[in-house]
Amino acid sequence: MKCPFCGNLESKVVDSRPADEGFTIRRRRECSQCCRRFTTYEKLDRLPLMVVKKDGRRESFNREKVLNGIIKATEKRPISVNRINDLADEVEKDLYNMTDKEITSKTIGEIIMEKLKALDEVAYVRFASVYRQFKDINTFMEELSKLLDKESQASAEETNDL
């Protein structure tokens, strides 16, 4: 493995451990020339996922697009970078666990929205406003009303359980 600091091709593994629920191996390496440490990840090579866009075009799944969408939705929210990466990993894992290897962009968006709703409602509304392309304030308010109704129902159920 080439050292990212000095470019030397010789390094030794000082620690290995499973990551991503065993789908990835995280390796700490030490360069034999500059003695600096760096981390590499070894992942299973999977069959590529194809994303079917709204207009029918097909393109390879790109985790970075999912990650960027989540980052934009969670901007200025109290959510750590690690949690954002974990959420993108969860979305990717869910997609690879589907039997069909051609997945619509709509399905991807719905999975992201579901996970964002559980994580942070403001981030969910931000993502939904772009993803669902709210045309006006009324459609935006309808989505907020649904969210508030679900919260009211959950509060009522908690009260009944007491």
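These numbers come from the heavy atoms of this one structure, side chains and all, not from hydrogens, waters or symmetry mates. For reference, positions follow the sequence shown, starting with 1.
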Handout entry: Cluster link M113 to M141, ILVMFWY, side chain under 4.5 Å
Key = yes
Practice task
Please step through side-chain contact (heavy atoms from CB on, under 4.5 Å) for the pair R63 and N85, ending with a clear verdict.
Solution key: CA-CA 10 Å; R63 182 185 182 280; N85 274 314; 3.8 Å; yes
Practice task
Any chance you could measure S11, atom OG, to R37, atom CZ, to the nearest 0.5 Å?
Solution key: 11.5 Å
Problem - Inter-residue atom distance I70.CD1 - E90.CD, 0.5 Å rounding - result: 9.0 Å
Handout entry: Atom CZ of R36: over 12 foreign heavy atoms under 6.0 Å
Key = no
Practice task
Using a strict 4.0 Å threshold on nitrogen-to-oxygen distance, state whether E121 and R77 make a salt bridge.
Solution key: no
Handout entry: Value rounded to 0.5 Å, distance of CD1 in I79 from CG in D86
Key = 12.0 Å
Handout entry: Heavy-atom side-chain proximity of I108 to K65 below 4.5 angstrom
Key = no
Problem - Straight-line distance of F38 CZ to R28 CZ, nearest 0.5 Å - result: 9.0 Å
Problem - Cluster overlap V122 with I71, hydrophobic side-chain contacts below 4.5 Å - result: no
List the atom pairs, with distances to 0.1 Å, where a side-chain N or O of residues 48-58 and a protein N or O form a donor-acceptor pair under 3.5 Å, not counting sequence neighbours.
from	atom 1	to	atom 2	distance (Å)
D55	OD1	R57	N	3.0
D55	OD1	R57	NE	3.3
D55	OD2	R57	NE	2.8
R58	NE	E102	OE1	3.4
R58	NE	E102	OE2	2.8
R58	NH1	G56	O	3.3
R58	NH2	E102	OE1	3.2

Completion exercise
Sorted by chain and number, sequence neighbours left out, side-chain hydrogen bond (donor to acceptor under 3.5 Å, both in side chains) with K93 holds for E21
Problem - T74 vs D120, side-chain hydrogen bond (donor to acceptor under 3.5 Å, both in side chains): CA-CA, chis, key distance, verdict - result: CA-CA 8 Å; T74 57; D120 184 89; over 6 Å; no
Handout entry: K101, NZ: over 12 other non-hydrogen atoms inside 6.0 angstrom
Key = yes
Exercise for the section: Show your working on side-chain contact (heavy atoms from CB on, under 4.5 Å) between R83 and L119 and close with a plain yes or no. Expected result: CA-CA 9 Å; R83 185 61 190 113; L119 177 68; 3.7 Å; yes
Problem - Shared hydrophobic cluster, M98 / F61 (ILVMFWY, side-chain heavy atoms < 4.5 Å) - result: yes
Problem - Heavy atoms from other residues, nucleotides or ligands near CD of E110 exceed 12 (cutoff 6.0 Å) - result: yes
Problem - Euclidean distance, L87 CG relative to N82 CG, rounded to 0.5 Å - result: 12.5 Å
Problem - Whether R126 side chain and E75 backbone form a donor-acceptor pair below 3.5 Å - result: yes
Exercise for the section: First locate atom NZ of K12, then atom SG of C35, and finally report the distance between them rounded to the nearest 0.5 Å. Expected result: 8.0 Å
Problem - Residues C34, N8; criterion side-chain contact (heavy atoms from CB on, under 4.5 Å); working and verdict - result: CA-CA 8 Å; C34 70; N8 183 36; over 6 Å; no
